[in-house]
Amino acid sequence: MKILPLNLLTILLSLAQLQTAFAQEPIIGRSSVIDGDTIDISGTRIRIWGIDAPESWQRCLDAKGNPYQCGKNAADALDQFLAASRPTRCEQVDVDRYHRIVARCSRSDGASVNAWLVETGNAIDWPRYSHGAYSTMQEKAKGRRSGIWQGTFVKPCIARAKLAGRIASC
């Protein structure tokens with residue numbers, strides 16, 4: 001049997017993946033908002049599962065066709081929502097390619113962060129991952145013309161791909 005040499009980076013990445021795979025305890029603590037769908041709790045980056053929020057730099061058009069900072073608005077709204085009932089509790093679902101925990105999160109009063117973001121129009125359901133878990137909430141937000149649904153916007157995954165010079169596959 002031939003043994004292939006492993007470089008240190010491969011070993012470290014494997015160890016990080018193993019640690020994450022076994023870190024199934026809920027992550028609970030005071031959260032800091034990174035952007036509309038990413039928070040940090042005690043140094044752990046958490047990507048909120050099943051949704052996609054506008055990027056912090058992203059602009060949308062309101063009902064009158066005027067540009068506004070929808071990404072910043074989503075992040076600010078999330079910050080206010082989380083601050084109203086601390087601490088935040090996140091249950092890991094997966095780990096993404098950036099080694100962030102992907103999780104369902106809730107406030108101390110039990111309100112779902114994932115669902116709230118979609119139902120207020122601060123994020124969209126991402127069926128590729130959620131399998132439509134938030135589609136009903138999204139339809140309600142659309143009907144009320146809440147958040148990004150008040151006007152027009154580019155899906156966040158498409159905006160990210162465009163910025164990176166790639167074709168979106170979302």
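At distances below 3.5 Å, at least one donor-acceptor pair connects side-chain atoms of Gln150 with backbone N or O atoms of Gly147.
Contact annotation: the side chain of Pro156 never approaches that of Trp126 to less than 4.5 Å [non-hydrogen atoms, C-beta and beyond]. No side-chain heavy atom of Ile124 sits less than 4.5 Å from a side-chain heavy atom of Val118. Within the 4.5 Å cutoff, the side chain of Glu55 has heavy atoms near those of the Asp35 side chain. Side-chain contact between Trp49 and Ser130 is present, with at least one heavy-atom pair separated by less than 4.5 Å. Looking at Glu91 and Pro26, their side chains come closer than 4.5 Å, going by heavy atoms from C-beta outward. Two residues are said to be in side-chain contact when any heavy atoms from C-beta on lie closer than 4.5 Å; Val95 and Val102 fail this criterion. Between Ser106 and Arg89 the shortest side-chain heavy-atom distance falls below 4.5 Å. The closest side-chain heavy-atom distance from Asp76 to Asp79 is not below 4.5 Å.
Taking all atoms of both residues into account, the shortest heavy-atom contact from Gly29 to Pro87 is O-CB, 3.5 Å. In terms of heavy atoms, Thr88 sits closest to Ser31 at OG1-OG, 2.9 Å. Trp57 approaches Ala159 most closely through the heavy-atom pair CH2-O, 3.6 Å. Annotation for Gly132 and Asp125: closest pair CA-OD2, 3.4 Å, computed over non-hydrogen atoms. Nearest heavy atom pair, residue Ala103 against residue Cys90, reads CB-CB, 3.8 Å. Residues Ser146 and Thr120 come closest through the heavy atom pair CB-O, 3.5 Å.
No salt bridge links Arg47 with Asp96; every basic N to acidic carboxylate O contact stays at or beyond 4.0 Å. At a threshold of 4.0 Å, the pair Asp109-Arg107 counts as salt-bridged, since one of the basic side-chain nitrogens sits closer than that to a carboxylate oxygen.
Atom CD1 of Ile34 and atom CD1 of Ile39 lie 9.0 Å apart (nearest 0.5 Å). One finds the SG atom of Cys70 at 8.5 Å from the CZ atom of Phe153 (value rounded to the nearest 0.5 Å). From Ile41, atom CD1 reaches atom CD1 of Ile28 across 8.5 Å, with rounding to the nearest 0.5 Å. With rounding to the nearest 0.5 angstrom, the CZ atom of Arg30 is 12.5 Å from the CG atom of Asp40. To the nearest 0.5 Å, the span separating CZ on Arg104 from CG on Asn114 amounts to 7.5 Å. Atom CD of Gln58 sits about 10.5 Å away from atom NZ of Lys162, to the nearest 0.5 Å.
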When you look at Leu82 and Arg86, which way does the side-chain contact (heavy atoms from CB on, under 4.5 Å) test go after all the steps?
CA-CA 6 Å; Leu82 294 173; Arg86 289 192 166 112; 5.7 Å; no
Between Ser85 and Ser108, is the side chain to side chain donor-acceptor pair (under 3.5 Å) condition met? List the steps.
CA-CA 6 Å; Ser85 181; Ser108 65; 2.7 Å; yes
Go through the steps to decide whether Arg59 and Gln69 satisfy the test side-chain contact (heavy atoms from CB on, under 4.5 Å), and finish with yes or no.
CA-CA 5 Å; Arg59 292 182 170 269; Gln69 296 177 305; 3.9 Å; yes
Given salt bridge (Lys or Arg N to Asp or Glu O under 4.0 Å), test Arg160 with Asp52 step by step and report yes or no.
CA-CA 11 Å; Arg160 285 190 300 276; Asp52 201 12; 3.0 Å; yes
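Residue-environment remark: CZ (Arg128) exceeds the threshold of 12 foreign heavy atoms within 6.0 Å.
Using the six-membered ring where Trp is involved, Trp116 and Phe81 have ring planes that are parallel, under 30° apart on the 30 and 60° scheme.
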